[in-house]
Amino acid sequence: MAEHDFRRSALNPSHTLVECRTLAPGRYQVTAQGGSVQPGDRLICTVRGSQNLPLTLTVEKVRQLINPPGQWTAMASGPDMRGMLVLGWSIRCDECTREQAFEFLANERDDLAARTERAVKRIGELGWTPRAENHLCPACSRRTH
């Protein structure tokens, strides 16, 4: 089982995402060019409406297309994105004052506390360290440890 990165931020000319379409909750049709995608492989795409949030899908079935050469269509499963919003917030390091904008997923029905919890989880994935009510950027986190 291999992992194939089709995110916009990857800018990999050998892996080009043509379309990622939702067919049903948790079911996707992916059309792309490049990569030797097989059933069981993982595809990393970008969440629709986001600049850099990853959407990880598991390939169930792949069909090679005749034209154009190298293009394929896959049926894949992944998270149910119904009712999810892409939100953008920013964070500032309490030591060096570096500021970073970031995106995270939240449910439409989440209140501010739930959205804040999801945002804290996402900044942790980006390498930021919480310190009481404050946060340290990845560089300052490394210096203090």
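This chain uses plain numbering: 1 for the first residue, then up along the sequence.
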Spatial distance of atom CD (Gln100) from atom CD1 (Ile123) [nearest 0.5 Å]: 9.0 Å
Rounded distance (nearest 0.5 Å) linking atom CG of Leu53 with atom CZ of Arg122: 5.0 Å
Student check: side-chain heavy atoms of Leu17 and Arg7 closer than 4.5 Å: no
Summary of ring-ring contact (aromatic ring centres under 6.0 Å, His included) pairs that have at least one residue in residues 105-125, sequence neighbours excluded: none
Pairwise ring-ring contact (aromatic ring centres under 6.0 Å, His included) hits with a residue in residues 20-71, at least two apart: none
Distance in Å, Asp5 CG paired with Arg42 CZ, rounded so as to fall on 0.5 Å steps: 10.5 Å
Sequence-distant partners of Trp72, ring-ring contact (aromatic ring centres under 6.0 Å, His included), two or more places apart: Phe6
Pairs involving residues 52-78, ordered by first then second residue, that meet salt bridge (Lys or Arg N to Asp or Glu O under 4.0 Å) (sequence neighbours left out): Arg27-Glu60
Heavy atoms from other residues, nucleotides or ligands near CD of Glu19 exceed 12 (cutoff 6.0 Å): yes
Any side-chain heavy-atom pair of Arg21 and Leu23 under 4.5 Å: yes
Scan the side chains in residues 101-108 for donor-acceptor partners under 3.5 Å anywhere in the protein, sequence neighbours excluded, and list what turns up.
| residue | atom | partner | partner atom | Å |
| --- | --- | --- | --- | --- |
| Glu103 | OE1 | Ser50 | OG | 2.6 |
| Glu103 | OE1 | Gln51 | N | 2.9 |
| Glu103 | OE1 | Asn52 | N | 3.2 |
| Glu103 | OE2 | Gln51 | N | 3.2 |
| Asn107 | OD1 | Arg109 | N | 3.1 |

Non-hydrogen side-chain atoms of Arg115 and Leu85 separated by less than 4.5 Å: yes
Residue pairs involving residues 91-100 (criterion salt bridge (Lys or Arg N to Asp or Glu O under 4.0 Å); sequence neighbours excluded): Arg92-Glu99, Glu95-Arg131
Exercise: identify the closest heavy-atom pair between Ala74 and Val59: CB-CG1, 4.2 Å
pair Trp128-Pro138: side-chain heavy atoms closer than 4.5 Å: yes
Sub-4.5 Å side-chain heavy-atom contact between Leu57 and Ser77: no
Ser141 versus Gly127, closest heavy-atom pair with distance: OG-O, 4.2 Å
Rounded distance [0.5 Å steps], CD in Gln33 versus CG in Leu65: 9.0 Å
Approximate separation, where rounding is to 0.5 Å, of His4 NE2 and Ile44 CD1: 10.0 Å
Minimum heavy-atom distance between Leu55 and Pro79, given as atom pair plus value: CD1-CG, 3.5 Å
